S.K.: 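Please see the structure below; I have some questions.
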Amino acid sequence: MRLINYNLSWDRNRYSLFARQWDITITILQFSWLLLLDFISKNNRDLQKKKRARWLVKKLIKLGPTFIKIGQALSTRPDLIPLEYVEEFSQLQDRVPPFLSEDAIALIELELGDNIENIFAEFERVPIAAASLGQVHRAKLKTGEKVVVKVQRRGLEQLFQLDFKVLKILIGIGNRFIPSFKKYDLNLIYQEFFEILFAEINYLQEGENADRFRFNFQKEPKIIVPKVYWEYTTKKILTLEYLPGIKINDKEALLEKEIPIKPLIELGICTYLKQLLEDGFFQSDPHPGNMAVNDEGAIIFYDFGAMAEVKGLAKEQMVQTFFAMLQKDTDQVLNTLIYMGLIEPVGDMTAVKRLISFSLTRFLDKPIDVNAFKEISAEIYVMFEQQPFRLPPQLTFIIKALTTLDGIARTLDSNYSLLAASQPFVRNLTRSSNPTNILLLIAREGKNIIQKQLLKPSRLETAFSQFQQRLEQGELQLRSRSLEAERINKSIYLAIKALIYACLSGFSLLGGILLVSTLYHIWAFILFGLTGLFSLFLVRSLFRLIVAEKLLK
C-alpha cells in the first residue's frame, strides 16, 4: 500500500475554524504567489504547469478529504482547467497514512457495543487499505465467514462542517469582490458537493447502496457484489464479505490467469451502460481500486459510497439513442440527455450541441483522447462567459466514470472501441419481455440509415450545407490581423508592465526604509531584496519598450 507521510493537520481532535481557515488561506496565497512568479517571468511552459500541478496535488492531500475530493472532481473538467492539471488530478488518490489500529478497534467496540474479541474470531490489526475517509481491516466472524471491516476516521463530520463554513466564507468574498463569481452560482455547487460528501461518510447508506446494486445484477453471474453483514454495520462501521481478486487494470496478472481481455472490457462497458441507462443507479467513481476480477473472469465491485441516480430509459428509448449516436444525430442525443436530467435546457443550446457533436465525432469509434479537448477549449470558455449555466452534478459524475473506464480499457487494450465494446449490451436489448417491438424498431432505424446513405448528397453539397448551418448558428469565428495594431498593443502592454514594476519597486523600497530602524529590520532587508528584483524587471521592461517604440517609427 503506497502511503505519503504528510503532517496531517486535519487529522486531530481539536481543530478550530480559525486554524482551518488559516491553513486553507495560506495554501491559496502560496499557490497564487507561484502563479504570479510564473506570469512575471513568462514561464508558462507545459513542464512548469505540470510542476505547479504536482505541488498543488500534495497540498490538496495535506488539506484533507474535502480538497482531495475537489481535486478528483476537477480531474474531469479539461474545459475549465489546464490539461497539465487534469492529468495530475486524475492520478490523485487518497494516499494518506492509516490511523492507529487502537483507534480503529476503539471505534468498533464503541459502535458495536462489545469487546473486539467477542465480536470477531480474528481481527487483523494492520489495515489492508487506507484512505482519507477511513481504512479497511480483514477479519473473521465467529461463524467462520471472512469479512472486511471498513472503519471511518475520527472527526470527519466535524471536519466537513469546518470546511463547509470556511468555503462559504471564501465564496462570499469571491462573490463580493470578483463579479464573475456570481454567474456560476458557486453557492449551489458547493452545497451539492457537501451533500455528496456527507452521504459518503454514512456507511448505513453505503450498505443500502450495495444491496440495491446487488439486486440490479442478481441475474448477471459475471457481476459480483459483496454481501453486507448488517448486524456488524453502523453509520461509522461497515462489514462486508471478503472477496479478493485481481486489480482490474493489472494486465500482466490477468494474462497470467488466462483471463481474456476483450470480453472483460466488453463486460465492464456493458455493466456501466446497464447501470446508467437501464437501472438509473450507477457507481460514480469506478476507479481500479473499486473493481477487481476473480479467477473466472467475473468483475467484483467494492465501493458503494459514491453512487448517483438519473432517470432511466425504456428499452425503445435506448435503441433510438444508440442509432442516433451511430448517425451522429446531435438533436436526438441532446433530447435524451435533457430527458435524463443530465443537461439543463437554456435559451440558446448552440454551444452545447457543438460540444455533443464534437464528442460524437471524436470519441465514438476510438478511445477518449483528453488532448482533443484543447481543440474546443477556447469555445467552451467563450460559452461559459457569454451564457454561463450550471451542469447537473450527475453529468460530471458520468464524465468522470467514463474517462476512468476508458483509462482502464486503454490500459488493457490500446485499440479498443467504445462502440464495439457496447455491442453486447445492444444485442441484449432484443431479449426483452416484448422483443417484437424492439426488432421492429431496429428494422425501422436500420432502414432510415440505409435511406440516408442512398440519398446522401455529394461532398460539395454537404460542405456547403455545413458551412451555411454553422454560419447561421454563429459557430464560425472570423479573425483579422493587423501587424501595426499588434505592435501598438504590445507597446501599451510593455508600458503598463513597466509602470507596475516601478510601483512595486517604490513600495518595497519605501517599506524597507520605514522598517529598517524598527524591531522588524529583518523584513526591511527582504523588502530591499525585492526592490532589487523588481528594479531588474523594470529595467528589462523599459529596454524592451524602447526597442518596441523604435520599431514603430
Side-chain angles (χ1 to χ4, degrees), residues 1-24 27 59-72 92-120 123-139 147-167 193-207 228-230 232-240 285 289 302-306:
M1 180 173 58
R2 184 184 177 188
L3 301 175
I4 295 180
N5 292 316
Y6 292 103
N7 178 21
L8 302 177
S9 58
W10 53 271
D11 192 17
R12 61 192 185 200
N13 288 326
R14 295 183 179 180
Y15 199 19
S16 66
L17 177 63
F18 175 77
R20 184 62 171 168
Q21 193 167 350
W22 174 257
D23 287 346
I24 295 171
T27 301
K59 289 295 182 179
L60 291 177
I61 295 175
K62 189 174 180 180
L63 285 174
T66 306
F67 294 88
I68 290 172
K69 299 298 180 184
I70 289 174
Q72 290 172 344
L92 180 63
Q93 301 294 330
D94 296 344
R95 299 170 293 167
V96 297
F99 52 91
L100 295 175
S101 57
E102 288 77 11
D103 292 339
I105 292 172
L107 183 60
I108 292 172
E109 292 178 340
L110 178 65
E111 289 289 312
L112 300 182
D114 204 345
N115 292 331
I116 195 76
E117 295 82 4
N118 298 330
I119 301 171
F120 301 107
F123 183 85
E124 294 187 8
R125 299 175 70 88
V126 179
I128 59 174
S132 58
L133 300 185
Q135 64 189 34
V136 180
H137 294 260
R138 271 193 298 228
V147 297
V148 290
V149 185
K150 190 174 179 180
V151 187
Q152 190 176 118
R153 283 185 182 270
R154 64 185 179 185
L156 275 185
E157 192 167 350
Q158 293 86 341
L159 179 67
F160 287 166
Q161 292 287 0
L162 276 177
D163 289 341
F164 186 82
K165 293 175 182 177
V166 171
L167 290 178
F193 178 77
F194 275 97
E195 285 176 6
I196 295 167
L197 277 185
F198 282 115
E200 277 200 64
I201 61 173
N202 183 354
Y203 288 169
L204 290 173
Q205 181 63 52
E206 182 173 347
V228 181
Y229 290 89
W230 286 106
Y232 305 99
T233 296
T234 69
K235 189 176 180 181
K236 296 182 179 180
I237 304 294
L238 178 63
T239 304
L240 298 167
D285 190 20
Y302 290 129
D303 193 343
F304 304 94

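If you're wondering where the values come from, they're calculated on a predicted model, not measured in any experiment.
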S.K.: Would you say E200's side chain and G305's backbone share a donor-acceptor pair under 3.5 angstrom?
M.R.: no
S.K.: Is any side-chain heavy atom of R20 less than 4.5 Å from a side-chain heavy atom of L159?
M.R.: yes
S.K.: Rounded to the nearest 0.5 Å, what's the gap from CD on Q152 to CG on L107? Could you check?
M.R.: 7.5 Å
S.K.: Report the C-alpha distance between D303 and E206 in whole Å, list the side-chain angles of each, state the deciding distance to 0.1 Å, and finish with yes or no for side-chain contact (heavy atoms from CB on, under 4.5 Å).
M.R.: CA-CA 8 Å; D303 193 343; E206 182 173 347; 3.3 Å; yes
S.K.: Tell me the closest heavy-atom pair linking F120 and A139, and the distance in Å.
M.R.: CD2-CB, 3.9 Å
S.K.: Go through the steps for L133 and K69 under the test side-chain contact (heavy atoms from CB on, under 4.5 Å), then give the verdict.
M.R.: CA-CA 10 Å; L133 300 185; K69 299 298 180 184; 4.1 Å; yes
S.K.: Determine the minimum heavy-atom distance between F160 and P65, stating which atoms define it.
M.R.: CE2-CB, 3.8 Å
S.K.: Can you find a pair of side-chain heavy atoms, one from I24 and one from D163, that are under 4.5 Å apart?
M.R.: yes
S.K.: Rounded to the nearest 0.5 Å, how far does CG of L197 lie from CZ of F164?
M.R.: 11.0 Å
S.K.: Can you tell me how far CG of L112 sits from OH of Y232, rounded to the nearest 0.5 angstrom?
M.R.: 9.0 Å
S.K.: Using side-chain heavy atoms (C-beta onward) and a distance below 4.5 Å, is L240 in contact with K150?
M.R.: no
S.K.: Just verifying a value: how many Å separate I201 CD1 and K236 NZ, rounded to the nearest 0.5 Å?
M.R.: 8.0 Å
S.K.: I need the minimum non-hydrogen distance between T234 and E111, along with the two atoms involved.
M.R.: OG1-OE1, 2.7 Å
S.K.: Does T239 reach the main-chain N or O of T233 with its side chain, forming a donor-acceptor pair under 3.5 Å?
M.R.: no
S.K.: What is the distance from atom CG of D114 to atom CD1 of I108, rounded to the nearest 0.5 Å?
M.R.: 12.0 Å
S.K.: Would you call L167 and F67 a side-chain contact if the rule is heavy atoms closer than 4.5 Å?
M.R.: yes
S.K.: Would you say that more than 12 heavy atoms from the other residues, nucleotides or ligands in this model lie under 6.0 Å from the CH2 of W22, or not?
M.R.: no
S.K.: Would you call the rings of F123 and H137 parallel, tilted or perpendicular, where under 30° means parallel and over 60° means perpendicular?
M.R.: parallel
S.K.: Could you check whether any side-chain heavy atom of V151 comes within less than 4.5 Å of a side-chain heavy atom of I237, counting everything from C-beta outward?
M.R.: yes
S.K.: Can you tell me how far apart OG (S101) and CD (Q135) are? Round to the nearest 0.5 Å.
M.R.: 8.0 Å
S.K.: Which residue, I119, I116, L110, forms the side-chain contact (heavy atoms from CB on, under 4.5 Å) with I105?
M.R.: I116
S.K.: Given side-chain contact (heavy atoms from CB on, under 4.5 Å), test Y302 with V148 step by step and report yes or no.
M.R.: CA-CA 11 Å; Y302 290 129; V148 290; over 6 Å; no
